[in-house]
Amino acid sequence: MRTATLGPAQRAEALARMAERELDILVVGGGVVGAGTALDAATRGLDTGLVEARDWASGTSSRSSKLIHGGLRYLEMLDFALVREALKERGLLLERLAPHLVKPVPFLYPLTHKGWERWYAGSGVALYDGMSVSSGHGRGLPVHRHLSHKRALRVAPCLKKDALVGALQYYDAQMDDARFVMNLVRTATAYGADAANRARVVGFLREGERVVGARVQDVEAGGEYEVRARQVVNATGVWTDDTQALIGERGQFHVRASKGIHLVVPKDRIHSTTGLILRTEKSVLFVIPWGRHWIVGTTDTDWDLDKAHPAASSADIDYLLEHVNSVLATPLTRDDVEGVYAGLRPLLAGESDATSKLSREHTVAHPVPGVVVVAGGKYTTYRVMAKDAVDEAVHGLDQRVAECVTEDTPLVGAEGYRARWNARARTAARTGLHVVRVEHLLNRYGSLADEVFELVLADPGLGEPLAAADDYLRAEVVYACTHEGARHLDDVLTRRTRISIETFDRGTRSARECAELMAPVLGWDADQVDREVQHYEKRVEAERESQRQPDDLTADAARLGAPDIVPL
């Protein structure tokens with residue numbers, strides 16, 4: 001197995017290697033589906049490349065509700081096949097594929113009607129648990145339980161006494177979505193794939209009707225590469241139609257974008273030992289435990305403006321606050337909100353005008369020779385989508401190809417994670433870090449935390465926390481650049497860490513310290529450090545301004561006031 005390191009040198013080598021030969025599979029799009037597709041192809045023995053125009057997971061896959069779940073509400077829509085499939089994937093991730101990244105999380109469902117609602121909702125949750133166990137991978141989670149009014153308030157004292165007559169409590173799972181994708185990419189490279197972020201497809205190579213590769217622009221260093229491939233997989237999510245347009249083909253289906261926004265508030269603003277799930281008139285609202293914070297979301301509205309930087313408007317924020325405050329004894333205010341983020345769901349159009357009712361099923365198509373398109377779906381079922389995409393691509397390869405093995409292929413960091421968890425006290429003594437800090441690192445890196453510990457042992461100063469974001473060590477910023485493919489300050493503050501949504505200053509007080517730690521690894525001079533900090537500060541101000549606007553149109557215009565950073 002090759003190294004799973006995504007440093008600057010590895011990125012340059014990957015681009016050069018992709019241009020030197022004909023690949024079996026070139027995957028376009030570095031979100032969860034694209035990264036999963038690259039891993040699936042590489043582990044079947046196929047010569048695989050993966051390119052992403054911006055940073056890994058910089059689109060939809062870093063802006064989700066951060067849940068790995070079966071989709072309890074899809075049971076009400078009678079979409080049993082989707083729920084069963086998702087529950088199997090949830091179990092695989094918890095037990096085998098990524099136990100270091102995917103963790104159980106409890107949710108309380110308040111009941112507001114006596115009698116019939118407990119029977120109705122309880123039957124649904126019981127079916128949910130039963131389908132999980134029957135998948136063969138659901139025994140690691142506790143089963144649901146019924147709570148009286150008194151016991152529910154003991155578990156969640158934050159709730160208004162008259163907001164419920166009782167409750168149900170059940171379990172799902174959560175992860176850091178951006179870190180999960182980055183680990184998928186690292187795993188794919190460990191099995192032989194070549195991967196490069198900040199590498200934009202600007203056109204496709206054709207021989208007659210057949211697509212035989214892509215023209216890839218190196219956004220960082222400049223220059224353009226011709227990457228030839230026997231099959232190209234378009235896994236670009238909400239950009240699917242845009243990518244197809246480069247080929248001159250719209251494709252056999254249309255992908256619509258639905259915007260979902262989330263608020264992040266400090267842990268002490270909501271007094272509860274469990275997450276919450278609340279019904280709204282359109283969908284459901286989650287209050288999700290997130291370290292020393294809570295995530296509150298989400299909305300579900302049509303979006304046809306800038307896809308790269310979807311903006312949360314003042315109306316979006318008010319909507320979430322109004323709905324969560326309907327059950328909270330101590331209401332949240334704007335002053336309680338540390339962070340806000342907006343993401344776009346790629347939904348297959350055609351089933352319904354309302355985005356909340358569009359299908360979360362996925363579709364795979366072969367619109368022109370040499371190109372496979374995969375779109376739709378849920379984060380939780382990324383592995384199934386990837387398998388289906390590679391299965392379709394294999395039809396265009398004139399060779400016998402092995403079956404999918406990703407059901408038995410743990411992500412990097414999973415192997416040895418539990419043993420290291422058991423030895424965390426010894427690790428704390430060896431490194432001089434507090435055991436709580438060691439636990440934090442193990443749950444972010446798994447067994448790869450050893451590489452972070454080595455940085456600390458070599459330079460004890462890196463074992464200090466960031467001055468304005470003390471959940472994170474200075475070593476984690478350096479490691480993000482040397483091993484995890486971070487190229488810019490944005491990448492570290494918004495995706496390798498979550499400082500941008502976990503601090504009231506949105507990361508601006510940490511920007512210069514982080515940029516100065518990144519500079520030696522990425523070869524930045526003082527001018528580039530200043531540019532990175534100034535760009536990040538402008539980005540935060542543009543986001544804040546967008547969140548003061550009354551609607552999507554004005555919020556989008558405000559957010560576009562801070563353009564993406566481009567290297568000199």
Side-chain angles (χ1 to χ4, degrees), residues 2 4-6 10-11 14 18 23 25-44 46 48-64 66 68 89 92-93 97-98 100-102 175-201 216 232-240 243 343 346 362 364 372-390 393 404-407 409-414 446 448 480 483-487 491 495-496:
R2 292 192 329 193
T5 298
L6 298 177
Q10 287 80 13
R11 176 187 174 278
M18 282 189 272
L23 301 169
I25 303 277
L26 172 64
V27 183
V28 182
V32 70
V33 176
T37 300
L39 175 59
D40 188 293
T43 52
R44 297 194 199 199
L46 295 171
T48 305
L50 171 65
V51 292
E52 159 59 39
R54 296 187 295 155
D55 186 26
W56 306 120
S58 56
T60 301
S61 295
S62 62
R63 306 177 192 187
S64 73
K66 313 195 190 316
I68 295 291
E89 295 304 309
L92 280 169
L93 290 164
L97 304 184
H100 55 313
L101 301 174
V102 180
M175 49 57 211
D176 184 324
D177 47 9
R179 292 199 60 77
F180 188 93
V181 173
M182 184 269 302
N183 274 266
L184 272 176
V185 177
R186 293 185 70 181
T187 309
T189 64
Y191 284 100
D194 286 315
N197 57 351
R198 311 278 178 183
R200 183 188 306 277
V201 170
V216 179
V232 176
V233 177
N234 175 3
T236 52
V238 294
W239 287 272
T240 297
T243 308
H362 66 274
V364 175
V372 170
V373 183
V374 55
K378 286 161 49 68
Y379 196 113
T380 303
T381 57
Y382 81 88
R383 194 191 65 80
V384 179
M385 296 174 67
K387 173 186 178 299
D388 290 349
V390 177
C404 172
V405 297
T406 54
E407 191 170 315
T409 306
L411 272 57
V412 289
L448 294 180
H483 288 72
E484 296 182 336
R487 301 287 304 174
D491 303 342
R495 286 173 291 276
R496 303 309 183 278

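Treat the numbers as computed from the prediction; the structure is a model and nothing was measured. Positions are given from 1, in the same order as the sequence printed here.
A donor-acceptor contact shorter than 3.5 Å is absent between the side chain of Arg487 and the backbone of Asn197. At least one donor-acceptor pair closer than 3.5 Å links the side chain of His100 to the backbone N or O of Val412. Between the side chain of Ser58 and the backbone N or O of Arg54 there is no donor-acceptor pair closer than 3.5 Å. Here the side chain of Ser61 pairs a donor or acceptor atom with the backbone of Val32 at under 3.5 angstrom. The closest donor-acceptor contact from the side chain of Asn234 to the backbone of Thr236 lies under 3.5 Å. In this structure, the side chain of Thr48 engages the main chain of Leu46 through a donor-acceptor pair within 3.5 Å. Within the 3.5 Å criterion, the main-chain N or O of Lys66 finds no donor-acceptor partner in the side chain of Asp177.
Salt-bridge annotation for Asp176 and Arg495: absent, with no side-chain N of the basic residue lying under 4.0 Å from a carboxylate O of the acidic one. A salt bridge does not link Asp40 with Lys387: none of the charged nitrogens is closer than 4.0 Å to a carboxylate oxygen. Of the charged side-chain nitrogens involved, none lies within less than 4.0 Å of a carboxylate oxygen, so that Glu89 and Lys378 do not count as a salt-bridged pair. A salt bridge links Glu407 with Arg383: the closest approach of a Lys/Arg side-chain nitrogen to an acidic carboxylate oxygen falls below 4.0 angstrom. Salt bridge Arg496/Asp55: present, at least one basic N to carboxylate O contact under 4.0 Å.
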For side chain to side chain contact (heavy atoms under 4.5 Å, CB included), just list the numbers for Val181 and Tyr382, CA-CA rounded to whole Å, side-chain angles, deciding distance to a tenth of an Å, and then say yes or no. CA-CA 10 Å; Val181 173; Tyr382 81 88; over 6 Å; no

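Here Thr43 pairs with Leu39, Tyr191, Val405, Thr406, Thr409 under the side-chain contact (heavy atoms from CB on, under 4.5 Å) rule; sequence neighbours left out. Under the side-chain contact (heavy atoms from CB on, under 4.5 Å) criterion, Ala195 pairs with Leu50, Trp56, Val185, Thr189, not counting sequence neighbours.
Between Asp491 and Arg198, the shortest heavy-atom contact is OD1-NH2, 2.5 Å. The two atoms that bring Val233 and Ala393 nearest to each other are CG2-CB, 4.4 Å, heavy atoms only. A pairwise comparison of heavy atoms in Thr187 and Pro410 identifies CG2-O, 3.9 Å as the closest pair. Closest approach of Arg44 and Cys404 over heavy atoms only: NH2-CB, 3.4 Å. Of all heavy-atom pairs between Ala53 and Arg200, the closest is CB-NH1, 3.7 Å.
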